> 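My structure is below; once you've seen it, I'll send some questions.
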Number of protein chains: 2
Amino acid sequence: MDAIDEIDLDAELRARGYRVTQPRRAVWEALRTADGHLTVEHITARTAELGYDVDLASVYRSLDLLAELGLARASRLGESEAGRWELAHPDEHFHLVCAGCGEVDHHIGSLVAEIRDHVDGAHGFAVEGVELTVTGWCARCRRDRRLR
Amino acid sequence: MDAIDEIDLDAELRARGYRVTQPRRAVWEALRTADGHLTVEHITARTAELGYDVDLASVYRSLDLLAELGLARASRLGESEAGRWELAHPDEHFHLVCAGCGEVDHHIGSLVAEIRDHVDGAHGFAVEGVELTVTGWCARCRRDRRLR
DNA sequence: GTGGCTGCAAACATTTTGCATAACT
DNA sequence: AGTTATGCAAAATGTTTGCAGCCAC
């Protein structure tokens with residue numbers, strides 16, 4: 001199957017009986033063309049850069065819809081209070097958050113799948129999603145920290 | 001060492017030069033005597049039940065302080081927007097969140113330690129904390145869902 | 001006594017909602 | 001044309017902050 005960022009949103013929307021509108025396209029473009037997780041405010045700014053004029057409320061509504069379509073997902077990282085969003089990549093990944101610089105790294109690998117397999121079925125629990133966030137210090141911040 | 005819920009908060013505070021106050025004791029009691037993760041609002045309600053009269057702002061401030069002392073930690077679960085808090089149990093555990101009933105299960109086991117070992121040191125990243133949340137459907141909700 | 005802490009209220013930040021209008025099909 | 005979705009503004013939620021007075025030390 002194609003990569004998720006090449007999905008035809010218009011078709012996806014129509015297939016489910018939703019209308020194709022500017023805000024929905026705008027939010028999808030914003031997510032699709034920027035990798036990593038964006039705050040809602042950041043997404044709104046990006047839609048503006050892309051030439052759309054979208055209200056904040058519509059960004060929220062579009063994000064919820066994209067989530068329902070399985071195209072996007074919310075992720076809450078570390079202590080950050082702001083909700084962040086990213087494409088719902090089918091390859092499961094986890095996040096490394098540096099306590100020093102706040103940098104967030106995506107890591108892809110078998111780890112998340114292993115966790116899923118490990119937990120799925122145990123105690124009758126059917127796993128749907130695995131959210132793994134590892135906090136710590138990246139190489140650079142460790143060095144800077146030592147120097148202080 | 002003693003279990004975390006038997007720690008003498010007064011001593012802990014004094015050792016770090018903080019004052020021993022009612023709100024701090026109240027929040028500590030609330031966390032200590034209720035297992036699982038509580039919303040801030042829930043914690044405030046519990047302090048009231050315990051006979052304290054604590055302002056919301058003070059609950060927030062006390063929680064931040066407990067976190068700094070390493071006695072409590074914030075955990076953001078699944079889609080829930082509200083911040084939740086729990087004792088900083090030294091044994092690492094992860095959360096199972098049911099998408100149906102919202103029930104949250106704590107699971108203790110070697111899994112989190114394995115993840116830590118797996119990630120620690122890779123790419124020069126020094127792991128400090130591992131936050132793992134698995135969402136899915138518990139046995140009961142799976143059944144109810146099928147029936148609908 | 002004095003400086004840290006609290007309570008209160010107001011400010012903030014984020015997300016949700018009601019409703020008249022615009023726009024997709 | 002008929003609705004669904006949008007924009008706007010207001011409300012709801014959750015959390016933080018400024019400040020005068022109180023209380024632990």
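Only a predicted model underlies this, so the values are computations on that prediction, with no experimental measurement involved. So that the names make sense, note that chain A is the first sequence line, chain B the second, and so on, each numbered from 1.
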> Which is true for B/Asp53 with a 4.0 Å heavy-atom rule: it touches a base, it touches only sugar-phosphate, or it touches nothing?
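B/Asp53: backbone/sugar contact only, no base atoms under 4.0 Å.
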> Given atom CG of B/Leu56 and atom C1' of C/dG7, what is their separation to the nearest angstrom?
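Taking CG of B/Leu56 and C1' of C/dG7, I get 11 Å after rounding.
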> Taking the side chain as everything from C-beta on, heavy atoms only, tell me whether A/Arg14 gets closer than 4.5 Å to A/Val20.
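Answer yes - side chains close enough.
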> More than 12 heavy atoms of other residues, nucleotides or ligands under 6.0 Å from CG of A/Asp8: is that the case?
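Atom CG in A/Asp8 is packed in, count exceeds 12.
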> Measure CZ/A/Arg25 against C1'/C/dC24 and give the value in whole Å, please.
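After rounding, the gap between these two atoms is 11 Å.
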> For the pair made of CZ in A/Arg84 and P in C/dA13, what is the distance, rounded to whole Å?
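Answer to the nearest Å: 16 Å.
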> Taking the side chain of A/Thr21 as its heavy atoms from C-beta onward, which of C/dT15, C/dT14, D/dA5 lies nearest to it?
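Looking only at side-chain atoms, A/Thr21 lies closest to D/dA5.
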> Would you state whether a donor and an acceptor, one from the side chain of B/Arg61 and one from the base of C/dG4, lie under 3.5 Å apart?
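Answer no: no donor N or O sits under 3.5 Å from an acceptor.
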> Hey, which of these two, A/Val54 or B/Gln22, hits DNA chain D nearer its 5' end, going by closest nucleotide?
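It is A/Val54 whose nearest nucleotide is closer to the 5' end.
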> So, do A/Glu29 and A/Leu9 sit near enough that their side-chain heavy atoms are less than 4.5 Å apart?
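SC-SC contact between A/Glu29 and A/Leu9 ruled out.
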> Does anything in residues 64-72 of chain B reach DNA chain C, meaning a heavy atom under 4.0 Å, and if so which residues?
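Correct list: empty, so none.
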> In whole angstrom, give the distance that lies between atom CG of A/Asp55 and atom C1' of C/dT16.
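For the pair A/Asp55 CG and C/dT16 C1', the rounded distance is 12 Å.
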> Counting distance only, does the side-chain N/O of B/Arg116 pair as donor-acceptor with the main-chain N or O of B/Val130 below 3.5 Å?
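Checked: no pair found.
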> Within the structure provided, determine whether B/Gln22 and B/Asp53 are in side-chain contact (heavy-atom separation under 4.5 Å).
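Of all side-chain heavy-atom pairs linking B/Asp53 with B/Gln22, none is under 4.5 Å.
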> Angle between the end axes of the helix from C/dG1-D/dC25 to C/dT25-D/dA1, five pairs per end, to the nearest 10 degrees?
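Roughly 30°, once rounded to the nearest ten degrees.
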> Rounded to whole angstrom units, what separation is found between the NE2 atom of B/His42 and the P atom of D/dG14?
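From B/His42 NE2 to D/dG14 P: 14 Å.
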> With side chains defined as the heavy atoms from C-beta onward, is the minimum distance between A/His106 and A/His95 less than 4.5 Å?
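Contact flag for A/His106/A/His95 side chains = yes.
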> Can you confirm whether B/Thr44 sits close enough to B/Val54 that some side-chain heavy atom of one is under 4.5 Å from a side-chain heavy atom of the other?
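They are not in contact (no side-chain heavy atoms under 4.5 Å apart), so the answer is no.
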> Heavy atoms only: give me the nearest B/Pro23-B/Ser58 pair and the separation to one decimal.
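That would be CB-CB, 4.1 Å.
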> Using a strict heavy-atom distance below 4.0 Å, which residues from residues 13-20 of chain B are in contact with DNA chain C?
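Correct list: B/Tyr18, B/Arg19.
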> Which atom pair, heavy atoms only, marks the closest approach of A/Trp85 to A/Leu31?
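Reported closest heavy-atom pair: O-CD2, 4.0 Å.
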> Can you find a pair of side-chain heavy atoms, one from A/Asp105 and one from B/Phe125, that are under 4.5 Å apart?
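No, side chains not in contact.
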> Checking contacts here: which listed nucleotide (C/dT15, D/dA5, D/dG14) is nearest the side-chain heavy atoms of A/Tyr60?
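Looking only at heavy atoms from C-beta outward on A/Tyr60, the closest nucleotide is C/dT15.
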> I need the CG-P distance between B/Asp10 and D/dA24, as an integer number of Å.
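It works out to 12 Å between those atoms.
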> Which pair of non-hydrogen atoms, one from A/Val127 and one from A/Asp120, has the smallest distance, and what is that distance?
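Smallest heavy-atom distance, with atoms named: N-OD1, 2.8 Å.
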